[in-house]
Structure formats: C-alpha cells, structure tokens
Amino acid sequence: EEPQGAPAPTGTAGRQVVQTPAGTAGPTCTLEQFGGTKFDLKTATVGFSQSEKEANPFRIAETKSIRDEAAELGIGDLKVTNAQSQFSKQITDVQQLIAQGVQLLVIAPLNSDGWEPVLQQAAAKKIPIITVDRKINAKPCSDYLTFIGSDFYEQGKRAADRMIDALGGKGKVAILLGAPGNNVTTERTNGFKDRVKEKAPDITISFEQTGEFAREKGQQVTEQLIQSNPDINGIYAENDEMALGAVTALKGAGKEPGDIKIVSVDGTRSAVQGIVDGWLHAVIESNPRFGPLAFETAQKFLDGEAIPDKVIISDRDYDTTNAKDSLGEAY
Amino acid sequence: MNREQVSRLLQQHGAVMVLGLLVVVGSLAFDSFATTANAASVVVSSSFLAIIAVGMTFVIISGGIDLSVGSLFVLGGVLAAYGSQYGLLVALLLPLAVCGVVGLLQGLVIARTGMAPFIVTLAGLLGVRGLMLAISDEGATTYLVEDRAFATLGQGEILGLSYPVYLTAALALLAMVLLQRTGFGQNVYAIGGNEQAAALMGVPVVRTKVYVYVMSGLLAGLAGALNAARLSSGVTILGIGLELDAIAAVVIGGTLLTGGAGGITGSVAGVLLLGVIQSLINQVGNLTSAFQQVVSGLFLALVVVAQRLLSKAQRLT
Amino acid sequence: MEAVLEARAVSKRFPGVLALDGVSLALRPGEVHALVGENGAGKSTLIKVFTGVYRPDEGELRYQGGTAAFGSPMEAQRAGISTIYQEVNLVPMMSVARNLLLGREPRGRFGVIDAAALYGEAERVLAGYGVETDVRRPLRTLGVGAQQMVALARAVSVDARVVIMDEPTSSLEPREVETLFGVIRRLRDSGIAVMYVSHRLDELYQVCDQVTVLRDGRLAHTGPLAALDRLKLIALMLGRDLDEVRAQGVTRFSRDRHGSGADAPVVEARGLTRRHVLDGVNVSVEPGEVVGLGGLLGAGRTETAKAIVGALPLDGGQVLVAGLPLRGGSTAAAIKAGVSLLPEDRKAEGIIPTLSVRENIALAALPALGRAGVVSEAKIDRVVEIFMRRLRIKAASQHQLVSELSGGNQQKVLLARWLAVRPKVLLLDEPTRGIDVGAKAEVQALIDELAQEGLGVLLISSDLEELVEGADRILVLREGTVVGELSGDEVTEERIMATIAEQADG
Amino acid sequence: MAELTSRGSARVAVLKPQVYAWVQDYGVYAAVLVLLLFNVLFTPHFLDASNFRTQLVQVTPIVIVSLGMALVIGTQGIDLSVGSVMALAAALTVLYLGYGWLPAAVVAVIGGAVVGAAGGALVAYVGVQPIVATLALLVGVRGLANVLVPQLVEFRNPDLIALGSSSVAGIPVIVLIAAALTVIVLFVVRRTTFGRQVVAIGGNRSASELSGLPVKRVLLIVYVICGLLAALAGVLATARLQASDPTSLGLFIELSAITAVVVGGTPLTGGRIRVLSTVMGALLMQLLAATLIKHNLPQSWTQMVQAVIILAAVYATRKRGTR
Ligand SMILES: Nc1ncnc2c1ncn2[C@@H]1O[C@H](COP(=O)(O)OP(=O)(O)OP(=O)(O)O)[C@@H](O)[C@H]1O
Ligand SMILES: Nc1ncnc2c1ncn2[C@@H]1O[C@H](COP(=O)(O)OP(=O)(O)OP(=O)(O)O)[C@@H](O)[C@H]1O
Ligand SMILES: [Mg+2]
Ligand SMILES: [Mg+2]
C-alpha cells in the first residue's frame, strides 16, 4: 500500500511567483526608513513562528520550505515554534523568541488582529517582522516589515468564477466553510459571495455550514446536505480537505464524478489528483512555499533595497486542462 | 517545626516544589531560559490563565467544575473590545456584567436543580461560544480596542511586567483571604467536603454555590477583557480548550476534584508550571509540533505523578 | 407547661413506605424526651420533619406557640432548633476547629476570621467535652467517637431552645457518655427541651423524663418514662405481649461457653505493628469461639480488625489462617481464606448507596454466585431470600435502594453480605450500633448460633454488656497494645473497666 | 374506614413519583421521538431510508466511544483521552495496513488498549485523579499519533474501504458492529460479576475494597475497555473516511461522549450505568446536529440550541430529591 501525499518535492518545482513585480506600486520600505541596523543573515538568529500543527500539506510544506531555505542559505540559528492553533500561545511563542534574541522574525500568524504586544516588543528592539500567508492588521514598515502571501479574498473570487463557469451561471451552490472566526474563512467566503452576486445573480447559495477545514467534517456535512437538498449543483469548499471529504460523501451516496461540481482552494496533491479523476472541477492554488521569497526579501531589505509593503504571490488554477501535468508541482 | 508540619507543608506545596525543580533544571539546561525577558514572558502570559484558575479553584473546592470559562474568556474579550468604543468604563463593565450573568444562570441551575455542574457548564461552553459567534458575525468581525486608557490597562508596564500581572497577584491574594478567612470561604470548603452535612450545619448551600459560579464567570470575563486590552482587539478564535488548562492547573496545584480541599497558591503554581513546561519546549527549539505534544503530555503525566507521590509519602509518615 | 415544639398528626410518605402516619408529639421546655422504636419505626424521619429536612405531607408543626414550616435545616437552626443527626454529619476534610465553629467563627479586623482566636476557642470548647486533640487536624483523622463529640459540642454550643439528638451515644465510650449526660442535665436545668433517641434503654432511664414510642410510623405510646418499666417499654416497641418478651429475655446470648479451647486457632495474628497505631498486637480466634476486643476510643480495635483482613498497610506482623500465612494488603485474599470484616462505619465503608438491597447483599459473594463471570440470578434470588428472611430485613422489596432503608436495616443488609460468603471467621466491628432492641437481640442470637456452628467471631463493641455476655474471652487494648486478657469468670464489666483503668493510671 | 382512605391517598402519592421516575428513566427516548416528529414534519426528505442510514453511520463512532465512557463514568471516573486514542488507532491502522486490514485493525485496537492501560494504571495504582491522568494522555497520545503519521494519508485497501461503506441487508456494517458492541456491553453490565463490580466501585470505593472486590484490577480493566472501544471507533471512522487523519479525527469527541452518557441518565457521580439510554443519548445529539445542519442554521445558533437541548434533556432525567 503506497501512502499518498508524501512530502512536497524540493527544488524549484512549484516555487512562488510574485504577482506584482517588486517596487512598481504602493509604498515601500527601506532599512533606513525602518530604523534597523544591518546584520549578516547567515550568522544571525532567525525565529519562525508557525501557527498550526504541521499536520496538513499546507503547513508541512510551509515549515519545510522555511527550514530548507534557511539551510540552503547557511543560516545557522533558526528557531522554530508552533502555536498548535492556540493564538495566545503564538503570542507567547513570539515573545519568547524575542527573549531568545532573534534578529529577524518570520511569522505565519494564526489571526490578523491582536498582535499589539508582540509588535511593541519587536519595534522596541527594531526586529523586522515578515508575516507569511496571513496578514497582520498593523502598519507596515513600522510595526512590521512586510507581508508575503496570497490574497484570500481574491481566491474566493476566482473560485466563484470557476463555479459560475461550471454551472453556466445558474444553479444552487453549497459552501463548506472553514473554521469559524478564522480570517481565511471570512475572506474566502466574502470573495466568493461578492463575486457570485456581482456576476451570476441566478446562482443561489442555499447552504453554508462549517466543515472546520477537516476532511471528516466535510464528509459528514456533505452527507447531510445532499440527503436533504438533492437538487444542489455545486459545492464550494474553502479548502481541499473538505472538498475531498465531500467527494467521499458523494461516492458513498452513489453519485458519479461531475454530478455535482466541486471547486476548492489550496492545491494539494490529492485535490489535483481529484481533478484528474473527475471529482473536482477546479482548485485555486494557495502556495505555501514561502522560504525562498521570505529570505530573499529579508536579504534585499538588509542590503538597503526598498521593499514593497506587501508581496502578493500569483497563485495558479488547476483544472482538467493542466491537472495531470501539474501533479508534480502540487504540494 | 516538627516532622508532621514539614510533611504537611510538602504536600500542600507539592506543585510549588515541582515548579522550583523544573526552573532549576531549565536554567541549567538552557542559557536563554533563566533570562528576565523569558521569565517575564512566562509570567505575563500566565497571568490570564491564573485569573481564570483562581475562579476555578473556588468552583472545584465547592465540589463543582466550570467548563464554560474558555468560552467566557473569549466572549469577555469580544465584549470588552466592542464596549471600548464607549470608553473605559463600558469596556470593563460590559464583559463583567454579561459573564457575571452567565455565571449566575449556571449557578442557579446547578444549585437549584441539582444537575451535574459538568453538564450544565458544558452547555454553557457551547451556548456562550454560540453567543460570541452571534455578536461577531460568526467570528468574522474583530472589534478593535478604541479606548487608549483601556488598552493601557493591558499593556502598561511597571518593572518590565505588565499591569495584568500585578492585578492577578492582587486578585490571588484577595482570593486567599476570601477562602481562608471569611465565612464564605468556609462555606465553600464545607459544601465541597460534604454537601449534605454542610446543609445540616446551616450553610446556605444554594447561595454559596451561586456565588462561586458568578465569581468564576466574572473572573473569566475579566481575564478575557484584560487580554483584549493587551491584544488591542477582541480576537474571536481564543479560548478553545482553555477550561482544561485551568482545571489541570488547579488539580496539579493539589486541589481535589472531589472538592473540599485545596488552595489558591497551588493553583497559581500549577498555572506557572504549565507556562514553564511550554517555555522549556520552546527552548528545545527544533521539536516538530507532534513531538511537542508528546513531550508536554509526558511532562504533565510526570508532574501529576510526582505531585501524587509527594502527597502519598506524606500520608505514610 | 406549654410545648415549645410540637407535631400534630404529622404524616410523611416515601415511595412505597408510609414512614410517619399521623404522629403527634409535644416537647416541653426543661424536659428530656426519649423517642424510641424499632429500626425503621420512623424516628429519624420525625426528627427530619421537625428540623426542616423533610416537609410533612400532612399535619402541622408548631414552634413556640405558632405554626412553623422550616424550609431548611438552616432555618430551623436559626430559629433555635439544634440537631445532632444519626450519621455523623460534619465535613471530614475540614479541620476540627473549623467544623466546630463553622458559621460562628471569631472575627478580627475587617470582619476577617481570626485564626488564632478560632483555634483557641475550639480548644477551649472541646476541652469541656473531654476531647483533647490538635484542633487544626482534619476531622477525618479523628475516631468516630471523637467526631460525634465534636458534632455534639457544635450543636449544643449554639444558642438553642430545643436540642435534638439522634442516637448520639452509639459511638461513644462510657466516659464520654457520662460527659454527654452531664451536658444534657445542664441543658435541661437551663430550661432547654431535649429530644433523645437511643436504642440503649439503660441510658434512657438515666436521663429521660418523658418517652414517646413509635411503631411502624405510628404513635404507640407517649407519657412519663418512670411509669414504664423496661419490659413494658420493650413490649410497646415491639408491639408484642409483655409475657412473651418476659419469657425471651433481653439479650439473646446463651450463657454457655462456645469453643472447646483445645482447637487450633482458625485465625491468628502475630505482632501486628503499624507506627502510631498498633504495637505488636497478638490475637487468635478458635473455631466456635467469640473473642471480644475491649478498650477505649482510639485504642486500636478497629485498626486491629482492619489489619487482620489486610485493609490496613502494616509495618510488621503476620496473619495466619488455619496455620497458613495470609498475603498482606489484600482484602480479597483474606475473604477467600474465610476471614471477613463487618466495618464500623456503615455509610462510608459499608453500603453501596446506589445499589439495591439485593445487589448489596450479593456483592461479596458474587464470584460464587455465577459461572464463568456470568451471574446467576437464580442463585442470587436464593441467597437474598434466605438472608432477608433470616435477618428479618425490612424493605419494600429486595429491589429498593439500600440508602432508603433505616440504619438498622442497612446494618442487617451488611451482615447478610458477609454471611453470604460463608466465612470461617467474622470480625464484627460494632455490629449492633444503631440497632433496635429487637434486631439487636436477633443479631446477638445469630452470633451465638453461628459460633455454635463453628464460626470464629471477633466482636468489637463499645457496649460492655454486650461484650461481656457475648464473648468467651476478652482482649483489652490500649494505645495499640493488648494490655490484658480476660477469660472464664474474669469476663465481667467490672474487670474490663478495671483493666482499662489500671493500665491507664499506671 | 380510616384505613381505606389512607390507602387510597397512598396510591395517588405513589403514582406521581412513578410518572417522575418514568420521565427520569425514559426521558431520552421521549426527546428522540419529539425530535423525530419535528423532522418528519419540517425537514424535506427526512423519511428516506438513506437519511436514517446516514444518521446511524455518523453516530456510530460516538456510540462506541460512549459505551466505554459509560463504564468509566460508572466507576466515578472520566476518560478525556478517547479522541486521541481514535487518532492513534487511525495512525496505527494505516501504518500496518500493508499486512492486511485485519492485522492492522488488531494492532490499532491493541494500541488503544495500551493507552487505556496507561490511564487505568495512573488512576488505579498511582491514584491520580482521572480527569488529569487522561488529560495528559489526551495531549500526549494525539502528539504520538501525529508523530507516527504526520499528515492525512489516503489508502486504497479495498477490504478496509468495504468495512466502512458496505451494507448487509441494507444496514451498514459499521452500524451492525456498533449494535453488537452495545449488546455485549449491556450483557457485561447487567449479567456479569465484572459489571456488578464496576458499579459497586463507582458507588462506594472503600466499601468495595472491604468487600474483597479487586478494585484496582477492575478499574484498570474498565479503562482498558474504554481505550479498546475508542480505538475500534477510530478504525471504523478511518475505514469510513477512506483516509487516516490523526490530526482531526476524534477531536472533542470526549465531550460528545460524556454528553451522550449524561443525557442518557448515567450520573457523573458513578454507581450506575445505563447502556441503552447512553446509546439513545448519542442518537439524540446526532439527530439534533443533523436537524440543525439540514435547516442550515449558522454555527452560532447551532451551538446555542445544542446548549439548551442538553440542559432540557438532563433536567428531565435528573434525580429528584425527596422533600
Ligand atoms: N429517603 C427515603 N426514601 C425512602 N424511604 C425512606 C427514606 N428515609 C427513610 N425511609 C423509610 O422510612 C422508614 C422510617 O425510617 P427512619 O430512618 O425514620 O427509621 P428510624 O426509626 O430512624 O430507624 P433506625 O433506628 O434504624 O435509625 C423506613 O422504612 C425507611 O426505609
Ligand atoms: N480523639 C482522638 N484524638 C486523637 N487521635 C485519635 C482520636 N481518636 C482516634 N484517634 C486516632 O485513631 C486511631 C484509632 O482510632 P479508632 O477510633 O479507630 O480506634 P478504636 O479502638 O477502633 O475505637 P472505636 O471505639 O472508635 O472503634 C488512634 O490510634 C488515633 O491515632
Ligand atoms: Mg434512625
Ligand atoms: Mg473503632
């Protein structure tokens, strides 16, 4: 039995691409503006605060990418903490990293708000903070350096586009929401709904229930959903795991691939395989490989270059046209 | 001091001793552990759990349990952040009022109907989180703290420690006096030790129980409000599983879950123990998240076994 | 004189039982009123009705000339009715002092409890009742008797008009009983009404003026005690003919000696030692012999019995059953070898309150009452039926919860539990505590009968009369050591007292 | 005459407590009926056979876990580690799937038993309070499961998938397994010496000790059984999911299981175990969750309604004091 979903391949496959080339638009930040002092990244102590357990493809690939790139660059002292999905713990983790004397912080925030105490401490010590995958609601270039990541709202909109395509602009759609209270959930939901309202008023969103980003929950909710709403045409899952749970539920209910169009976000290997198998209609990528871009940005900053206040990466779409060929790049 | 007194002290302060031991071991093993900055971060981050644990101590000594504190904590934070647009007073009073009322309702149900506290407060856990989601647009809205004075309450510092630490210390002291030196405290012990007897001895059982749950609710709300002040926002994803941390801290501190025995010092030591364990795991640095969990589970088991053996040894002498 | 507390035609019903049926009783200031009756007659229930624990279904309560309806024991207590309940009702984990003064702690500055004054006051109060102990230690570390004294001191030291005592002497030593009587007389002389429940008839005649007899929840008699002699009182309680009672006598122990004295001991304990508690205790019991253990409170009798069945970890010593050493620390092993203990504290160590009478009786014998771990209801039926009949256990049915039975019947259920395992030796710790005369006689007769059949019995009792009449041989314990052995003609109350006193003085 | 009236009123007085007792004993059944009725009236497609199959299949893991939890609660204990044990079982299953599904399932169940033994030993022999002993396991064992299988692993073993999705006579296999386990546990509680000893220990531990019951051994076995059942639930849930997901499988199931047990009328104070009512309790909670999802209530409402229903159910089954 060959277990699926082995760790993401290293190398340049699936590397993040910046959407807006650096320095073309928006405010920028230099070392001078920030008020920091230059140091050598190789000999520096760098802290990385991960938000969730490395137990799903996204987090595994993210942490691995940071660690690999640090090793690649010869950064000797990388300290990694994991908040195990507890926001209070993440705040403490970062504070303890600061206490351990880190000079650069890379943070994958669990939540966008509530970073006040950390930002104060870091600002007092002039420690540059790069947040990855989720934003922090604060002032770039003073509270933190910059944000590197995807635009979740945009992801929702793109998912809506694919759904509208799939249904030909009309039908009934169900949403499998992420964990309640999570910024990602909120933005992916809003993006999707806004787009549907704007472009396809004939699509009704008749059902939204949380699947808490987990496969089992996605399966259970979908089972209930298709039983009492057999007329549903499409399912928008806010991450791949829930989409795959939905697939299991559809299989169990005797549906055929394509009966119900599923669009999801993330781009894990299993999901892309799901497109190949015909169960998923499309997947919007959310690329977790932040290592190279994060350290590149840090190096540029230390070299005195101007850094944009946000570095939005360009995520791909997977669908039947490219799924088979892209399997190797999915994480 | 005779032998018996020494051993009694040992048992009552088992958690303090294990804490001391852990700190010594940690300092020897890691250079960056015993720094003031690290100590401060442990103490500051522990203070919110400590406030909750103080309330939980009363509940557990009275023979009950309160599973709703995690939800009240997050509700308190959201309400405080929401209220802060109307100024400091509202920011403080709104969460206290709501959480106090929730505690009051739970207390009334428990004391009046004789339903198990575990299940009543489990319903509280669900219901309060539901309420929190309802007022924050299913968790999508994060209210930001508007009032500077209120934010200062959570962020201001004296001697490198933020205000909540001092407030926690003051509350703990007050709680100790309340527990040991007032009729209310005696009633709490009596009810937990033997509820039927307490009733026959003239203890106002219903009233005391209600007070205990109100207190627990108030303290959880206060901790949430202070935390919101510290974070400058009413974060909606907090507090999941916090009740278990609080219970663990109280029990590690030597309070019996069956009620009737225990104290505040132990609970505070228990909270610090949990904080120190976390900090030690962070010091190790390169454990994967899964290993971190294994290690903290083992630590927890070790601590309770050590604590238990200490108290057993005491009974034999 | 006007009654201070009065029940008029009070009835109280429990599922399946009419515990009180139109009972009227008047309690006057300055009198000591005895309330007697068989187990389950309704004494404790009546008391609980008086003190607001239960509300009567019918009838009326009057207190100090007006109708009274106490919502809770607290209200009754506030109004001046102070009660010592049958089961010690204090908080075991709290310190002695805090138990004693709960709700009346001396206050210092800011209304905060003054700890020093608290302990001082507690020591002073308890000294008046002959209890000398560290008032800071948890109550549970005290023996049952001392706990009872604390409860008594607590009840009496509040400002009360009525003091109700439900079997206060059942776990007291003779000396403590004297102290108690002193207290009662003092209360009476100061115009307080005292209600006194006891199964020990001698005591009633020592302190009581009035008597009320309950039988099956109904009033059987009320009037001056002096007008009734002992036999008449018993006849009233049992509802039997005077002649019948006279013919059978009061204690049911036969006067002949059991055991040949030549047999090898069936159980023999050698040098039982546990720091601060037991110090080299030697005990042996022959088949068919009843060995008594005498001594004052805290002498270590309970501990000796517990040590024999392996329920008390020992520092030294050995127990042999039929010559073979018993594995220490295992009650199961002792029971298997044929040694069983009827514990002293019925509530804490005896009954399983959540289970029925039937299940309580069958508990220890379960492994024998089935095959391959599956219980046989038929076998249980047989055993339960036999013992409920033989011990005359009074219950609505065998499926009634044991916690709903009266104290005496609970004790019989426990006896049945032990007899069901067919032990070779039975250690009985206060087997007749809280049992009415009728049941007491039955139990005593049973002990006799069992001994005749070859069972070895170790009898622990604070009732000297029972000890003397029941035992063939008596070991006197003091501070964890055997200080004397009496046998044959030496077995008299005087000699036991003398042995204890002699050693205590020396 | 007086005799007669007193007997007559006695009958009335006896009748009322009987109604109470009935509600107390069968309140859960009534609540399930009410909820069913509501759904029949207001939920589209509720009476489809597929719907009942869905509900039964989804409730299976909770039922199995609750059975073990009921035993533990009967001894006055509690086991918080069941969810983590499910995760461990999921991890072990997929690790050993190479040897075939049965050996893998056996290893998983043994793993659960070992965790149960660890918790039981802490409780019975060291004397740690159940809630903390099993809390340590809750944290540690989930970590262990994640160390063994760091992320969700899909499998294609047809036998295991069949276990999770095939039916016999229209009834899913896993539901049949749960039913069989219920019967077994019912038998153990009602008819075996062990079952009686469990409740006796929960009712009064020191009395049980003095009655020669092997208290520590019984406690240990109870926790082992609970771990074993949780592991089995983990294997079945894994089979159904067609993937091993140690990260989120069984999260918070301990609370659902405890709720099911208590709503079923088993007191947390021990000394009593109600097996069938526990199953009913689990069904009630499942049906409630399904109703709320099918009617598309937002999460906030779902949680508040659940809170109210739990309170109402437990209120109905609570023990009434005599006054
Ligand atoms: N809570 C209860 N539920 C049901 N029946 C009860 C309850 N309490 C007492 N009874 C029943 O009421 C009757 C009277 O009991 P009570 O305890 O008053 O007897 P008592 O005279 O005090 O006996 P004893 O001398 O053994 O203490 C008994 O038949 C008993 O089984
Ligand atoms: N009043 C007391 N003060 C201090 N210690 C006590 C007191 N009563 C009991 N103890 C402790 O308990 C031990 C044994 O007490 P216990 O009452 O069980 O003995 P006992 O001879 O069985 O008396 P009882 O007549 O109550 O059955 C003593 O050795 C002592 O340590
Ligand atoms: Mg009585
Ligand atoms: Mg004794």
Side-chain angles (χ1 to χ4, degrees), chain B residues 1-5 7-9 11-12 60-63 111-112 173-209 254-263 311-317, chain C residues 47-48 51-53 71-79 81-95 97-115 118 134 136-141 147 150-151 154-155 158 166 274-276 313 315 347-348:
Chain B
M1 200 154 59
N2 67 25
R3 228 191 128 99
E4 191 182 345
Q5 280 169 318
S7 54
R8 207 183 298 174
L9 215 69
Q11 192 222 330
Q12 278 166 1
I60 292 184
I61 290 178
S62 81
R112 278 279 158 80
L173 278 175
L174 201 71
M176 267 189 252
V177 173
L178 201 60
L179 204 50
Q180 297 299 335
R181 293 297 185 85
T182 67
F184 169 68
Q186 299 308 298
N187 292 345
V188 172
Y189 277 108
I191 291 174
N194 184 349
E195 184 173 333
Q196 226 184 339
L200 296 178
M201 286 162 89
V203 170
V205 175
V206 170
R207 189 169 5 124
T208 306
K209 278 192 182 176
T255 297
L256 286 182
L257 260 183
T258 41
S311 61
K312 250 190 184 169
Q314 186 264 345
R315 197 145 327 139
L316 289 181
T317 51
Chain C
I47 288 172
K48 288 182 176 166
T51 56
V53 178
S72 69
M74 185 181 38
E75 279 180 34
Q77 194 177 320
R78 289 256 165 81
I81 301 177
S82 206
T83 315
I84 310 163
Y85 294 92
Q86 183 167 8
E87 317 283 344
V88 179
N89 262 306
L90 293 172
V91 185
M93 268 178 294
M94 284 174 92
S95 71
R98 289 185 191 253
N99 262 293
L100 183 69
L101 298 171
L102 181 68
R104 297 178 285 122
E105 300 89 350
R107 300 302 161 112
R109 255 187 304 171
F110 314 115
V112 154
I113 294 172
D114 182 343
L118 176 81
D134 178 2
R136 284 156 213 257
R137 37 194 283 188
L139 182 86
R140 67 182 153 84
T141 59
Q147 294 188 21
V150 175
R154 178 183 161 78
V158 297
D166 194 353
R274 179 176 157 79
R275 211 141 57 88
H276 301 317
D315 298 327
K347 200 169 167 187

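In the text below, chain A, chain B and the rest are named by the order of the sequence lines, each starting its count at 1. Note that the coordinates shown come from a computational prediction; the quantities given were computed from them, not determined experimentally.
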[X], part contacting chain C, at a heavy-atom distance under 4.5 Å:
{"X": "B:L256", "value": "side chain"}
{"X": "B:E195", "value": "neither"}
{"X": "B:V177", "value": "side chain"}

Heavy-atom pairs under 4.5 Å with chain C, option from B:A190, B:G259, B:A261 with the top count =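 Among B:A190, B:G259, B:A261, the one with the most close pairs to chain C is B:A190.
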
Could you tell me which of B:L200, B:T182, B:V205 has the largest number of non-hydrogen atom pairs under 4.5 Å with chain C?
->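 Maximum pair count with chain C is reached by B:L200.
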
I'd like to check [X] versus [Y] (side-chain heavy atoms, cut-off strictly below 4.5 Å). Are they in contact?
{"X": "C:P138", "Y": "C:M94", "answer": "no"}
{"X": "B:R207", "Y": "B:F184", "answer": "no"}
{"X": "B:Y189", "Y": "B:I61", "answer": "yes"}

Counting only heavy atoms closer than 4.5 Å, note whether C:R104 contacts chain B via side chain, backbone, both or neither.
->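 Neither the backbone nor the side chain of C:R104 comes within 4.5 Å of chain B.
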
To the nearest 0.5 Å, what is the distance between CD1 (B:I60) and OG1 (B:T255)?
->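 It is 7.0 Å, given to the nearest 0.5 Å.
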
Enter the distance from C:R136:CZ to C:T141:OG1 here, rounded to the nearest 0.5 Å.
->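 Spacing of CZ (C:R136) from OG1 (C:T141) equals 13.5 Å.
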
Summary of salt bridge (charged side-chain N to carboxylate O under 4.0 Å, His left out) pairs that have at least one residue in residues 181-192 of chain B, sequence neighbours excluded |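 As it turns out, there is no salt bridge (charged side-chain N to carboxylate O under 4.0 Å, His left out) pair with a partner in residues 181-192 of chain B once direct neighbours are skipped.
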
Output the option from C:R78, C:R107, C:R154 having the highest count of non-hydrogen pairs under 4.5 Å with chain B.
->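 Looking at each option in turn, the highest pair count goes to C:R154.
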
